[in-house]
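Reviewing the structure listed below.
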Amino acid sequence: MSKRENRLSVTWPRELVRWFEREHRPMPWRSDPSPYKVWISEIMLQQTQVVTVIPYFDRFVGRFPSFEVLAAADLQDVLKLWEGLGYYSRARNLHQAARVLVEKYKGKPPLTAAGLRELPGIGAYTAAAIASIAFGEPVPSVDGNVLRVCSRLWGLETPMRDKALADEVRARLTPLIRKVNPSHFNQAMMETGALICKPRNPQCSGCLLSRHCVAFKTNRTDELPVVEKAGIVPHYRIAVGVVWKKGRILIARRAEKQMLGGLWEFPGGKQEKDEVLDETAVREIQEETGLAVRVGVPIVTVKHAYSHFKITMTAFRCEWLSGRARPKAAVELKWILPAALVDYPMPRATRRIAEASVIRSGKS
DNA sequence: AAAACGGGGTC
DNA sequence: GACCCAGTTTT
């Protein structure tokens with residue numbers, strides 16, 4: 001950058017901050033950006049849109065209003081409030097981070113991004129977001145929105161998923177954020193990505209940055225940022241059993257280190273080649289619990305897409321025949337009344353099966 | 001460096 | 001149905 005450009009210096013950060021201060025969307029954590037609320041919001045906002053987060057945030061903060069209350073809570077209760085939000089390791093890490101804060105930091109979070117970065121569930125983005133929004137530290141928080149805005153603004157061709165792009169963007173933003181309100185600058189960049197500089201059909205006519213934007217000026221907003229397209233994901237057929245015994249249903253708790261760790265589900269597993277689906281249920285239940293069951297009618301089939309595979313899961317009504325339930329793959333097995341299904345944290349697909357099971361059993 | 005990790009919104 | 005989203009952790 002020449003000396004002349006440097007003296008004139010870029011003015012868009014200040015203009016963008018003013019725009020944000022006028023036009024930003026109201027959010028529960030924006031009216032009171034306390035460290036705790038900012039923290040909860042930023043964890044929930046990882047890979048999750050604002051409109052989805054808001055009701056979860058309100059419930060969560062209502063039930064767990066402080067680091068101390070959260071640290072003292074049972075993980076199962078934390079997961080229950082997280083149910084449906086996904087990426088459950090966020091909830092486990094958040095819970096753990098609260099405990100570390102209370103035990104080793106005297107309940108006060110580190111005041112810098114570098115310090116926050118040490119806590120579980122906090123990576124480069126979240127550390128910078130909390131440090132800037134809650135404590136005013138001038139560090140750029142670089143998320144998917146900011147990568148997109150900056151790729152277009154400066155014509156950066158490094159692919160989105162390449163870590164080098166985030167490094168480049170952070171390096172370019174660092175001198176800029178020092179001249180403005182760091183909290184508002186970071187939020188303004190993300191707000192621009194969410195409302196104006198959208199992945200498709202960006203609203204360049206209403207963008208304060210368009211005068212400076214390489215992609216806009218060269219008509220390449222549809223080519224930047226560079227994104228590699230995802231490969232095809234595998235598809236699995238799953239059979240599970242809703243096993244009844246004396247009016248109770250068997251549920252299994254997944255190990256915490258697994259996918260969907262800590263959540264409860266019905267025992268079952270993947271269909272093998274040339275296997276009849278209801279036999280899959282019988283086999284998997286035997287393998288996972290040691291129980292012999294008589295398989296009955298299919299209750300419901302649900303399709304579900306995870307981030308890296310898809311499933312079609314069919315639940316069969318089963319009757320306990322013999323054996324004492326012992327956990328194999330699961331950490332814990334429990335016979336519960338149907339009315340208690342609602343109390344246990346479950347993955348989305350399992351929740352749908354639970355609802356169908358109770359409805360069916362109530363009618364019959 | 002790449003893969004694993006959920007679920008919902010959007011076009 | 002593909003793509004995207006206020007990313008982090010593990011391998």
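Per chain, numbering begins at 1; letters A, B, ... match sequence-line order.
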Could you check whether Met190(A) gets within reach of a base, just the sugar-phosphate, or nothing at all, counting any heavy atom under 4.0 Å?
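Base contact.
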Under 4.0 angstrom, heavy atoms only, what part of the nucleic acid is Val227(A) near: base, sugar-phosphate, or nothing?
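Val227(A): backbone/sugar contact only, no base atoms under 4.0 Å.
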For the side chain of Thr48(A) and the base of dG6(B), is some donor closer than 3.5 Å to an acceptor across the two?
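Result: at least one qualifying N/O pair found.
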Heavy-atom donor-acceptor pair, Tyr125(A) side-chain to dG7(C) base, under 3.5 Å:
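For Tyr125(A), whose side chain was compared with the base of dG7(C), there is no donor-acceptor pair (under 3.5 Å).
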Nucleotide nearest [X] when distance is taken to its side chain, options [options]:
{"X": "Arg161(A)", "options": "dG6(B), dA2(B), dG7(B)", "result": "dA2(B)"}
{"X": "Arg117(A)", "options": "dG6(B), dG7(B), dT9(C)", "result": "dT9(C)"}
{"X": "Gln46(A)", "options": "dG7(C), dC5(B), dC4(C)", "result": "dG7(C)"}
{"X": "His308(A)", "options": "dT9(C), dA6(C), dA4(B)", "result": "dA4(B)"}
{"X": "Arg200(A)", "options": "dA4(B), dA6(C), dT10(B)", "result": "dT10(B)"}
{"X": "Gln47(A)", "options": "dA6(C), dC11(B), dG6(B)", "result": "dG6(B)"}
{"X": "Lys229(A)", "options": "dG6(B), dG9(B), dC3(C)", "result": "dC3(C)"}
{"X": "Thr126(A)", "options": "dG7(C), dC5(B), dA6(C)", "result": "dG7(C)"}

Identify, between Ala129(A) and Lys310(A), the residue whose nearest nucleotide on DNA chain C lies closer to the 5' end.
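The residue whose closest nucleotide sits nearer the 5' end is Lys310(A).
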Between Leu119(A) and Asp143(A), which residue's closest nucleotide on DNA chain C lies nearer the 5′ terminus?
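The residue whose closest nucleotide sits nearer the 5' end is Asp143(A).
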Check against salt bridge (charged side-chain N to carboxylate O under 4.0 Å, His left out), Arg237(A) and Glu284(A)
CA-CA 13 Å; Arg237(A) 292 185 183 283; Glu284(A) 289 282 351; over 6 Å; no
Tell me the interatomic distance from [X], atom [atom1], to [N], atom [atom2], rounded to whole angstroms.
{"X": "Tyr87(A)", "N": "dA6(C)", "atom1": "OH", "atom2": "P", "result": "13 Å"}
{"X": "Asp222(A)", "N": "dC3(C)", "atom1": "CG", "atom2": "P", "result": "15 Å"}
{"X": "Lys163(A)", "N": "dT11(C)", "atom1": "NZ", "atom2": "C1'", "result": "17 Å"}

For DNA chain B, whose closest nucleotide is more 5', that of Asp162(A) or that of Lys257(A)?
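Nearest nucleotide further toward 5': that of Asp162(A).
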